[in-house]
Participant: 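Starting off with a structure, shown below.
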There are 2 protein chains.
Amino acid sequence: MDADLQKKPHHHGNLREALVLAGLQLLEEGGPDALTLRKCAALAGVSHAAPAHHFDGLHGLKWALAEEGFRRFRNYMVDAEVTGEQTPRGRMKSICRGYLHFARDNRALFQLIFGFDAKDVPVRPTRDVGSFGYEPLRRCCAPFIPDDVPREVIEAQVWSLIHGFTTLFLAGRFWALEDAPEDGAFDQVMALLDRVGTAPESLGNPGDPS
Amino acid sequence: MDADLQKKPHHHGNLREALVLAGLQLLEEGGPDALTLRKCAALAGVSHAAPAHHFDGLHGLKWALAEEGFRRFRNYMVDAEVTGEQTPRGRMKSICRGYLHFARDNRALFQLIFGFDAKDVPVRPTRDVGSFGYEPLRRCCAPFIPDDVPREVIEAQVWSLIHGFTTLFLAGRFWALEDAPEDGAFDQVMALLDRVGTAPESLGNPGDPS
DNA sequence: CATGAAATCTTGACGCTGTCAAGATGGCTG
DNA sequence: CAGCCATCTTGACAGCGTCAAGATTTCATG
């Protein structure tokens, strides 16, 4: 048994998974620039060219990491959903809170997933893993779809708001709101979602400067 | 005069500006990965190490490009504002349209500006050039600030929505909306702004599943 | 005007990166 | 048992950012 452990077999056995885990570790520890094929190989204990047999270059590794990232991303959202307030609007805000917290806790991975040079991602994540990863968002939007508005529009509204808030907040762009208590800025900005799915003509606000 | 033009002087004369222009050209032609100190130097006709005397490495060059990018970004928004409908809400949507169109027409530069690894940008752009660049957005939000809501919250709502929409749309994430006519998806999603700055209790929508 | 300091640019080198080609190794199938 | 093939290693290559040292030009100062 010691021989099995000590002698390094020529075949790693599960190198692909080991490389993905190494990549996740590198992203976590050193940010996007620390992700390197050679460092992943070193961390997995193989030679620098070994990853080429499991991924299509660096792009392929990033794609594999994005796949795993989507899974964890979805878990964040679903966990927040089942933990939070059990109303349609409570579920929607919980999903969004999970969205924000995943990005906060996995900055580099979030950035990798949404890094929007299309060539970094051989297959559109939104179509494959993405449709699975965004299913919670889609589901939580369902109760708010008016009859005369396409589903995709409401989803795009919610998604745009939480995605924009997440990226700008994490980039430190909302410095005026950052002194607020935990999730304070989140709650205030997400208050716009209290209006989602409601007809604009139903609000006759006094002094509304349209 | 020919001597002046033909003989390459040891001092370039305006190398810093030439390098910035070269960088913008590289970004436009080849995307973010094409931006390279050595290629900028070659394009400006100097040796590969010359840029080091004008920028603090690659980070410094990116910062200089972000500065110029902010200026052009602001021009896009202001141009859209003065061209579009002259109402408070019309101005707000025009600013947002300029936001989207700048990103569409300057993908790599937009990505550089908002690439949110903080270490890429030595000084927070939001505080310096940024406060100038975002002044149009701030101004167009002013008419919609309710008495009991901080200015920054409304601004963050509008900014989050347009920023999220822009990045997700350009990443091809809204494939269900992309068949719409020019700016169709934009108009539909930005319709959420019709609710901005209105009190949530003013909407008593029948069948509202809060 | 002369002279020295400082700014500017070149040359060369270093280590790191992704990628390719060729060879070694070992498990699996016929 | 033989041979194929996936897997992994080794070595090499160009391109990258960066540093050090030297050459050249400009500028200020005496």
Participant: Once side chain to side chain donor-acceptor pair (under 3.5 Å) is applied, do any residues pair with B/Gln188, and if so which ones, sequence neighbours excluded?
Facilitator: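 If we apply the side chain to side chain donor-acceptor pair (under 3.5 Å) test to B/Gln188, skipping adjacent residues, there are no hits.
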
Participant: Enumerate the protein-to-nucleotides 16-19 of chain C contacts in which both atoms are nitrogen or oxygen and the separation is below 3.5 Å.
Facilitator:
from   : atom 1 : to      : atom 2 : distance (Å)
C/dG18 : OP1    : A/Leu37 : N      : 2.9
C/dG18 : OP2    : A/Leu37 : N      : 3.3
C/dG18 : OP2    : A/Arg38 : N      : 3.2
C/dG18 : N7     : A/Arg38 : NH1    : 2.4
C/dG18 : O6     : A/Arg38 : NH1    : 2.9
C/dT19 : OP2    : A/Leu58 : N      : 3.1
C/dT19 : O4     : A/Arg38 : NH1    : 3.4

Participant: Send over the distance from B/His53 NE2 to C/dT10 P, rounded to a whole Å.
Facilitator: 9 Å

Participant: Tell me every residue that passes side chain to side chain contact (heavy atoms under 4.5 Å, CB included) with B/Leu37, counting only those two or more places apart in sequence or in another chain.
Facilitator: B/Pro51, B/Leu58, B/Leu61

Participant: Could you say whether B/Ala52 or A/Asn14 is positioned toward the 5' end of DNA chain D, judged by the nucleotide with the nearest heavy atom to each?
Facilitator: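 Counting from the 5' end, the first nearest nucleotide belongs to A/Asn14.
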
Participant: Check salt bridge (Lys or Arg N to Asp or Glu O under 4.0 Å) between B/Asp79 and all other residues, then give those that pass, not counting sequence neighbours.
Facilitator: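 Here no residue qualifies.
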
Participant: Flag the pair A/Glu182 and A/Arg104 as a salt bridge only when some basic side-chain nitrogen lies within less than 4.0 angstrom of an acidic carboxylate oxygen.
Facilitator: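 Yes.
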
Participant: What integer distance in Å separates A/Asp33:CG from D/dC16:P?
Facilitator: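 So the CG-P distance, A/Asp33 to D/dC16, works out to 16 Å.
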
Participant: With sequence neighbours excluded, tell me which residues meet salt bridge (Lys or Arg N to Asp or Glu O under 4.0 Å) with A/Arg139.
Facilitator: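 Checked A/Arg139 against salt bridge (Lys or Arg N to Asp or Glu O under 4.0 Å); matches are A/Glu81, A/Glu135.
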
Participant: Which residues pass the side chain to side chain donor-acceptor pair (under 3.5 Å) test with A/Asp183, not counting sequence neighbours?
Facilitator: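 For A/Asp183 the side chain to side chain donor-acceptor pair (under 3.5 Å) partners, ignoring immediate neighbours, are A/Arg97, A/His101.
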
Participant: Could you tell me the separation between the CZ atom of B/Arg16 and the C1' atom of C/dA7, rounded to a whole number of Å?
Facilitator: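 Between C1' of C/dA7 and CZ of B/Arg16: 15 Å.
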
Participant: Given atom CG of A/Leu15 and atom C1' of D/dA6, what is their separation to the nearest angstrom?
Facilitator: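 About 12 Å, once rounded to whole Å.
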
